[in-house]
Protein chains: 2
Amino acid sequence: MDKSQIAQKLSGFYMFSELQPSQIELLANGTRLVDIPRGGTLFNRGDKAHGFYLLLEGQIKLGVISPQGDEKVIGLIQPGESFGEAVLFLERSFPVYAQTTLDSKVLLITREAIFDILDNDVTVVRRMLAAISARNRQLVNDIESISLQNSTQRLIGYLLQISADSPNPERLQLPANKLTIASMLNLTPETLSRVMLRLSNAGLIEVNGKEIVITNVAGLRNFE
Amino acid sequence: MDKSQIAQKLSGFYMFSELQPSQIELLANGTRLVDIPRGGTLFNRGDKAHGFYLLLEGQIKLGVISPQGDEKVIGLIQPGESFGEAVLFLERSFPVYAQTTLDSKVLLITREAIFDILDNDVTVVRRMLAAISARNRQLVNDIESISLQNSTQRLIGYLLQISADSPNPERLQLPANKLTIASMLNLTPETLSRVMLRLSNAGLIEVNGKEIVITNVAGLRNFE
């Protein structure tokens, strides 16, 4: 892998996505490629960080050994993910060990390279903070949308279950008020309302107080 | 709200969680509290950032108006969340407007305060990068565990459905191989295997090739 391929990997990594080509190039000069076969150790608990890592290929397990000698896996790193930043930036020692669970290729962004560029170029700091913040917001949005998705699936399951037990499967009565139903389904009342609105906007149900008309059973069953 | 309460809010915010008290104090001196009643506008699309915002109370809607005049909500900010960092750090203009949907209290961390401390104290940079990176990893872990949770619920639903259709509800035959079942359930084969292992470790099922014995139906039904 030559310097231009490394530069490409770095600029594709979210943390450096806002950096300019000249800044990426400086950084690329301060990296080291490390190949580790499956089962190898990248660092041990208590080691000092020589930099932080970007996994290019393979899989890395971060773990600790309990006082009883049991292994506890803290995280599995997949290609494209980084690890060790917090330890590096805080100049602490690693609280976990890192072992490969597959043959792996890792890019070490050395301490010298990253600290040098952070200390000497104020725009690098701002661009990195911007990129990481944007990524954080994206992750929070993803979690919100997965949660809404879950809530929706939970309500749909419940409606289909009442519908199956109902003399008229397309027109059903909620057996309690929305506060109680929300609580039964482990949703907040606001989430229940948002989910009902979502299904009714999609043309799948009509809500009139406690009465619910399922206007499209197949659609409701298959709603994603 | 006095300066010490503001300092407390700042140090409770993930981005500043690693800063030292003296650094928090400097930052607190460069903040401004803004109260906006429901329906008010904090900034418009195209505005330059005077800083970035931490929502203390209320709710903020970030949105755009389409060329057809329709509103599209991009995100809802909840108390404890920040917004506007990326725009500030990149010195761009806001691509969205921000309106309150509830009476809101916002802490503006001014451009001058944050840039001053970033430019003049290299440890602030490192501590902020550490905190944001750690938070990022936490969010990625959360997404992974929610996804595993979802996958587990999907497999449980499927097993209970086969069980209901089976002459012996506690001993069932998977109607296809695991590759096909994984694909039907929209899971990767690896995820299906992990989820089956999870349920069998929990003492709820036993897996012998295509035969599955449900050893604890109630437990399976209520597994979270």
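The chains referred to below are lettered A, B, ... by the order of the sequence lines, with proteins before strands, and numbering in each begins at 1.
Contacts with chain B were tallied for Gln153(A), Glu81(A), Arg135(A), Glu18(A); Glu18(A) has the most, counting heavy-atom pairs under 4.5 Å. Between chain A and the residues Ile114(B), Val122(B), Leu90(B), the most heavy-atom pairs under 4.5 angstrom are made by Leu90(B).
Using a 4.5 Å cut-off between heavy atoms, Ile74(B) contacts chain A through its backbone alone, with no side-chain atom that close. With a 4.5 Å cut-off on non-hydrogen atoms, Tyr14(B) touches chain A through its side chain but not through its backbone. For chain A, the nearby part of Arg92(B) is the side chain; its heavy atoms alone come within less than 4.5 Å. Interface residue Asn136(A): backbone and side-chain heavy atoms are both found under 4.5 Å from chain B.
For the atom pair CZ (Arg137(A)) and CD (Glu85(B)), the distance works out to 7.5 Å, reported to the nearest 0.5 Å. Taken to the nearest 0.5 Å, the CG atom of Leu139(A) stands 5.0 Å off from the CD1 atom of Ile143(B).
The shortest heavy-atom contact between Glu144(A) and Leu76(B) is OE2-O, 4.4 Å.
Contacts between residues 124-134 of chain B and chain A, counted as heavy-atom pairs separated by less than 4.5 Å, involve Val125(B), Arg126(B), Arg127(B), Met128(B), Leu129(B), Ala130(B), Ile132(B), Ser133(B), Ala134(B). Using non-hydrogen atoms only and a strict 4.5 Å limit, no part of residues 47-61 of chain B faces chain A.
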Residues Glu91(B), Thr123(A); criterion side-chain contact (heavy atoms from CB on, under 4.5 Å); working and verdict: CA-CA 10 Å; Glu91(B) 313 205 47; Thr123(A) 73; over 6 Å; no
